[in-house]
Amino acid sequence: MNDWLLGIDIGTQGSKAGLYAAGGRCLAEAFEASQPSRPGPGMLEEDPENQVAAVCRTIRGCMERAAAAGEHGTVAALAIDGQMAGILGIGSDGRCVTPYDSWLDTRCGPWIERMQAQAGHAVLEKTGNVPSFNHGPKILWWKHERPDVCAAVARWVQPGGYAAMRLCGLSAEEAFLDHTYLHFSGFADNRRAVWDEELCAEFEIDARQLPRIVAPQEIVGRLTAPMAEACGLPPGTPVAAGCGDTAASFLSCGATREGICVDVAGTASVFAATTSKFVADHEHRMLGCGRSVTPGLWHPYAYINGGGMNLEWFRRELGSAGEGEALSLESLAELAAAVEPADDLPFFVPHLGGRVSPGWPRLRGAWAGLTWDHGTGALYRAVLEGVALEYGLYREVLLRLAPLTECMELRVTGGGEQSALWNRIKADALQTRLVRIERGGGAPMGAALLAGWAAGVHDDVAMAAESWVQLGQATEPDRALAGLYWRRTVRYAELLDCLQSWAEDRRRL
């Protein structure tokens, strides 16, 4: 069987396409960097048409590389995943009328607070997530701050959906949102996978501006002739709805049964579990609960906005070790590895862009507990540990919400999985076995698995994922450090509360 499957990820750093054989062998990959802009304070935008063009070029790149390698086959279907919490508006013709308002764009901060104050409990109960830097507050920002632009919006969509629409020549009437995004929506009944009339009425949202809700494996259209030529594919190639990038990453890690936890160590630092029940975190407002691609499963998860970006920020701005020239991440890791875990090491708060889980948009990053003895290695270790301690809080909340949930292992994917030190710190802090993915293509592979399901190449996406994914090196936790990390997690939580109170007090001045 020479069926090929294409998965494309519109990520924060760029667009990446992966071409796969039906059995999971990667035939070719292609990547193109994103072109973000910062037109004002707290703003981060992208041109949706640039994203579409990058999708076409990376698809063509995969096809050309496969041909050059002597591979022969036919693409059965393609699927696109994308950044989940941002939005863009399209006109009636299906073309964008707003830029892509990124999940890293923080201009909607005041609307997070207003949405929370007005009906935060109902939003959490119905969507599974609190208002944060996601669809609801962003739509309200455009509605109230740019009413002239909002009036031209026929539908609000996400980058993955927009690219699929453009490839297939779909109009706004055919716009769609797959159900893995619904916990970020602000206006959906996630359990029933429908738009909620009461939430729309509460915030005076015109439900006609919201796209139809579909399953990830639904075929939403076929490549038009012009787009097929740009992609180097035959016209009429089926295009599946796809899913959110984190949902695709979970699938490509084999998180298709209860008890498998996932660490997406990418631009965002994401911790997720896999359960059979929808849970709404009313007490801590920390965990969101999104639908899994695998039918009947859910992913309670939380993330650090730009957690992975902090490593490069530290290297660029602070990682000179007194030598004038910035060190590499590998060199910084060597310095940090020489620092033994201890109670008196500094703490780092990784929320440089505001805390998402829970929605504390005014909280910002910080170090605490610094002394003259702490050099570059200790500071960098604190940056790595900050993510692990935050994950520890996520896991504690998960176990309180679902006491019978078992975290059998933590599977790590994304660029951060290459850091042996970071993996060690996470395993020790969580006291959980951490496993790297030996063969896994991240979000593009998850999207390709979806394409295969949509095309009927495989009829059980969970079984296909388990056969495609190969597990690699495992890091066992050091049980002797359990007490140390319990104490540091408690102190870290106290530090967050203090800083949040300080941020709120500052607002009132």
Side-chain angles (χ1 to χ4, degrees), residues 12 42-44 82-88 100-145 156 158 177 180-188 190 196 199 202-203 205 244-247 264 267-272 279-291 299-307 309 349-365 387 390-391 393-394 397-398 401 496 499-500 503-504 507:
T12 307
M43 300 171 72
L44 196 150
Q83 301 168 54
M84 296 185 72
I87 60 166
L88 65 103
Y100 167 54
D101 180 344
S102 170
W103 61 283
L104 290 168
D105 188 306
T106 61
R107 76 184 93 170
C108 69
W111 291 99
I112 296 175
E113 296 167 340
R114 294 191 194 188
M115 197 171 186
Q116 175 58 44
Q118 188 170 335
H121 183 89
V123 171
L124 173 57
E125 177 61 28
K126 293 180 178 181
T127 69
N129 204 7
V130 296
S132 187
F133 295 109
N134 48 33
H135 309 171
K138 288 180 178 293
I139 290 174
L140 292 178
W141 186 92
W142 285 94
K143 173 181 171 63
H144 294 280
E145 306 293 338
W156 294 105
Q158 282 61 53
L177 176 80
T180 64
Y181 290 86
L182 290 180
H183 58 296
F184 281 142
S185 69
F187 309 119
N190 202 352
D196 188 83
L199 287 176
E202 177 69 35
F203 295 102
I205 294 297
D245 55 359
T246 51
V264 182
T267 303
S269 295
V270 184
F271 174 87
V279 291
D281 179 15
H282 285 289
E283 181 179 355
H284 300 91
R285 311 179 72 79
M286 189 176 292
L287 294 181
C289 189
R291 282 178 175 264
H299 292 302
Y301 73 101
Y303 65 97
I304 301 168
N305 202 356
M309 294 172 62
V349 175
H351 305 295
L352 275 67
R355 196 180 189 200
V356 177
S357 306
W360 293 356
R362 298 182 184 276
L363 181 68
R364 289 297 183 268
V387 170
E390 187 84 9
Y391 281 6
L393 299 183
Y394 299 162
V397 170
L398 171 67
L401 283 173
L496 289 178
L499 287 174
Q500 171 65 1
E504 290 297 305
R507 180 185 65 168

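Since we're looking at a predicted model, the values are computed, not measured.
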From CA spacing to verdict: side chain to side chain contact (heavy atoms under 4.5 Å, CB included), Ile205, Leu199:
CA-CA 8 Å; Ile205 294 297; Leu199 287 176; over 6 Å; no
Leu140 and Arg114: CA distance, side-chain angles, deciding distance, side chain to side chain contact (heavy atoms under 4.5 Å, CB included) verdict
CA-CA 10 Å; Leu140 292 178; Arg114 294 191 194 188; over 6 Å; no
Output, in order, the C-alpha distance, side-chain angles, deciding distance and verdict of side chain to side chain contact (heavy atoms under 4.5 Å, CB included) for His135 and Trp156.
CA-CA 9 Å; His135 309 171; Trp156 294 105; over 6 Å; no
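Minimum heavy-atom separation, Val349 to Leu352: O-CD1, 4.0 Å. The two atoms that bring Leu287 and Ala302 nearest to each other are CD2-CB, 3.8 Å, heavy atoms only. Across every non-hydrogen atom of Ala85 and Trp103, the tightest pair is CB-CB, 3.7 Å. Between Ser185 and Thr127 the shortest heavy-atom distance is OG-CG2, 4.1 Å. Scanning all heavy atoms of the two residues, the minimum distance from Trp111 to Pro137 falls at CB-O, 3.7 Å.
Between Arg107 and Glu145 the shortest side-chain heavy-atom distance does not fall below 4.5 Å. Asp245 is not listed as a side-chain neighbour of Val264, based on a closest heavy-atom distance of 4.5 Å or more. With contacts defined as side-chain heavy-atom distances shorter than 4.5 Å, the pair Phe203/Lys143 does not qualify. Residues Ile87 and Gln158 are in side-chain contact: their nearest non-hydrogen atoms beyond the backbone lie under 4.5 Å apart. With contacts defined as side-chain heavy-atom distances shorter than 4.5 Å, the pair Cys289/His183 does not qualify. Between Thr12 and Met309, the closest side-chain pair of non-hydrogen atoms is not below 4.5 Å. Using a 4.5 Å cut-off on side-chain heavy atoms (C-beta onward), Ile304 and Phe271 make no contact. In this structure, the side chains of Thr246 and Met84 come closer than 4.5 Å at one or more pairs of heavy atoms.
In the model, Arg355 has no side-chain atom that pairs as donor or acceptor with a side-chain atom of Gln500 under 3.5 Å.
His351 and Trp360 have their aromatic ring centers separated by at least 6.0 angstrom.
Separation of atoms CG (Leu104) and CG (Asn305) is listed at 5.0 Å; rounding is to 0.5 Å. Atoms NE2 and CD, on His121 and Gln116 in that order, are 10.5 Å from each other to the nearest 0.5 Å. Atom CZ of Phe133 sits about 11.0 Å away from atom CG of Asp101, to the nearest 0.5 Å. Cys108 contributes atom SG, which lies 10.5 Å from atom CD1 of Ile139 (distance to the nearest 0.5 angstrom). In this structure, Leu88 CG and Gln83 CD are separated by 10.5 Å, a value rounded to the nearest 0.5 Å. Atom CG of Asn190 and atom CG of Leu124 lie 11.0 Å apart (nearest 0.5 Å).
With hydrogens and angles ignored, the 3.5 Å screen pairs a side-chain donor or acceptor of Thr180 with a backbone N or O of Gly244. Panel note: side chain Tyr391, backbone Tyr303; no donor-acceptor pair is recorded below 3.5 Å. Although no hydrogens or angles enter the test, the distance criterion places a donor-acceptor pair under 3.5 Å between the side chain of Lys138 and the main chain of Ser102. For the pair Ser132 (side chain) and Gly359 (backbone), a donor-acceptor distance under 3.5 Å is absent.
Considering Leu398, Val356, Asp281, Leu401 as possible partners of Met286, the one that fulfils the side chain to side chain contact (heavy atoms under 4.5 Å, CB included) test is Asp281.
At a threshold of 4.0 Å, the pair Glu113-Arg362 counts as salt-bridged, since one of the basic side-chain nitrogens sits closer than that to a carboxylate oxygen.
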